[in-house]
Amino acid sequence: MNFQAELRRKLRATLEGLVPDPEPFAAMLRPAQDPRFGDFQINCAMPLAAQMGRPARDVAQQLVDSLDLDDLCDAPEIAGPGFINLRLRDDLIAAETRKLLSDERLGVPVVPSSKVVVIDYSGPNVAKPMHVGHLRSTVLGRSLELVMRHLGHQVITDNHLGDWGTQFGMILYGYKNFRDDAAYQSAPVQELARLYRLVNQLCDYHDLRAELPKLRDSLAEQQQQVASDESAAAAQPKNKDLAKVVKKSREVLDERAAAIASAEKKIAAVDSDAQLAALAAAHPRISELARLETAKLHAGDEENVRLWNEFLPACLDALNAMYRRLGISFDLTLGESFYNPMLAEVVRELQDHKIAVESDGAVCVFIEGNAAPFIVRKADGAFSYATSDIATIKYRVETLHADVILYVVDARQSEHFELLFATAAKLGYGGIDCRHIKFGTILGNDRRPYKTRSGDTVGLESLLNEGIERARAIVDENDNSKPTPELSEEQRARIAEIVGLGGIFYADLKHNRESDYVFSWDKMLAKTGDTATYIQYAYARVMGILRKGDYAADDVRKLSGPIHLATPTERRLALQLNRFATALDDVVAEYRPNLLTQYLFETANIFAAFFDECPVLKEADASLKESRLRLCLGTADILRTGLRLLGIQVAEQM
RNA sequence: GCGCCCGUAGCUCAGCUGGAUAGAGCAACGGAUUUCUAAUCCGUCGGUCGGGGGUUCGAAUCCCUCCGGGCGUACCA
């Protein structure tokens, strides 16, 4: 039973007569902070008392008197300023655990009113290999998908591919000018990616060269600015505002110097490479021409459309290979290109309703309180991702009938989504629950975005490979250190895959999604601590007990005797199993899978203590032995299910 | 300039719709092993929750301010 939900329900009913809106007060029933306070605590007596102008302990007493929790709890206790401490009855925990253990859903009810939830996640660019930057969206989105499905929502996942943007113009330009036919024949995606990088580099080269004089001027200007600010500050050494101005001014100077250094570095990279330099010299207008290729594609140019259609299948194959590896499949893969035919209409509609206006040649929506406009048509007539994102909302609402749309996208795009949602609301989609499920950046040890040692972005493929390799080394070391190694080559490979991928996913999911976090192989694959491995190991230990005792899991699930809470640890474990449903509710409430990782880690932790203290196979009392066996399997079922909802697998033996 | 986010133990991070002595993992230190797999368990050490003010019976959490850092900021997505 979801004890917390049940207790809150009762509290809410009691509060109904007392306050107009009981919900926030009912929410103040929480798990106890300290085991000495029991299992749950009610914290709402104090604020209620303040509101009613009565002593808090009196209010607490009144709540206790009218609550009637006898069927759930021992006598409630009022403590401190007015906390109400609740301890669940042991017989109730035992009885409810017994039910849970024979329940296929492990005590997790299906939501009473299911919603249509579109989850937009992963969203790679098709012509570029996926890299570490795609990890969080993919892993978080996948987990949210699985949890919401498990709770009974009608989830539609949609991979909103970047298959139509500026980068395609670069690829088209690259293909027409620089392609290596043999390479394209044997590995088209790799060749397209190379062409993209090449064109991108050459575009940068020319753009930066053109910009450099301006940058240098502005640097010189800033140097003078700093000098004058400094002398002003020197004249009034006690003036804090002037000191601040100097500081700011120097920061700007540093920024500009850094921008120039970075530009010079990129330019030098081309200049110092004879081949690149020759290409750059031969293609001085590459940026402009690449943009033109994009524009031609969007306008329906026959050759570009033909090439686009030729490139796409290979790109999709490559992506799908990656998703297969990650165990992911999408319900829909509607890239930006899908919305192309709708864009002109979107802009017209916005203009007709006077939502968008022309400004500096571009068609923009101005949202009150935001300085930046939402540009739905650029001055050159091209549409932007703002336009296609609006078209996407229209499609998801009108065709998919979405109630909720989740965008699992980097936090740096917050502003875009604020403008997007505000614009959508003006168009009449205010009733749809559109949410930016934002997440932070993965950092390296230097606290800069995670890169390889040489400064390149880390490819997702090689990241996964490295994780599995490192896991393999651990598997080997562990098994080889046993008196007689137990695992076959196939088993080791499979375990390495499960542990390696699980470690990467788990490390990502366990952090609060809005935080940046520092990527660390050692931490994510540590044999001990808050890792996937630790939880997977707990699962494998249960399976070890069953194997050793020669029990089939299905037979154990059919057992129906009483559950004994013979020790405090058994009680803790049983109660924890009943919290699974609460944990999943918590995940969905704020779209935070870290609440599930936390729950699973705690569960594995309690199980480890149980494993230490409570013998199963050696237990002489048959009824107690059966009870423990079932607690073990129930734990395993919950760990396996919980990990599965994070996109992580388990092994029977490791 | 404007906007958003962050600053919690040596390190990495939870906690942030205000609630009881601020938590975890790692690291350090000390214990437990004829193992239902020690990829484990138990214990110890460790914090002016960036500083200052305010609101409150009560603040890591809310408000103001200062300091430090990150990100975004009109035609890339």
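Throughout, a chain's letter reflects where its sequence line sits, starting with A, and its residues are numbered from 1. Since this is a predicted model, take the numbers as computed values, not measurements.
In this structure, A:F83 packs face-to-face on the six-membered ring of B:rA20, meeting both the 5.5 Å centre cutoff and the 30° plane limit. Both geometric conditions, a ring-centre gap below 5.5 Å and a plane tilt below 30°, are fulfilled for A:F37 over the base of B:rA20. Ring stacking is absent between A:Y537 and B:rU40, as the pair misses the limits of under 5.5 Å between centres and under 30 degrees between planes.
Counting all heavy atoms, side chain and backbone alike, A:A651 lies closest to A:A540 at O-CB, 3.8 Å.
The separation between A:F417 atom CZ and B:rC4 atom P is 18 Å, rounded to whole Å. One can place CD of A:Q653 at 13 Å from P of B:rA39, the figure rounded to the nearest angstrom. For the pair A:E613 CD and B:rC41 C1', the computed distance is 9 Å after rounding to whole Å.
Listed by first residue number, the stems of RNA chain B with at least three Watson-Crick or G-U pairs below 3.5 Å are B:1-7 with B:67-73, B:10-13 with B:23-26, B:28-32 with B:40-44, B:50-54 with B:62-66.
Using a 3.5 Å distance cut-off with no hydrogens or angles, the side chains of A:N594 and A:Q598 do not pair a donor with an acceptor.
Cation-pi geometry between A:R136 and A:F519 is not met at under 6.0 angstrom from the ring centre and within 45 degrees of the axis. Both tests hold for A:R541 against A:F611: distance to the six-membered ring centre under 6.0 Å, angle to the ring axis within 45°.
Using a 4.0 Å heavy-atom distance criterion, A:V616 is classed as a base contact.
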Is there a side chain to side chain contact (heavy atoms under 4.5 Å, CB included) between A:V357 and A:F366? Walk through the geometry before answering.
CA-CA 8 Å; A:V357 296; A:F366 289 93; 4.0 Å; yes
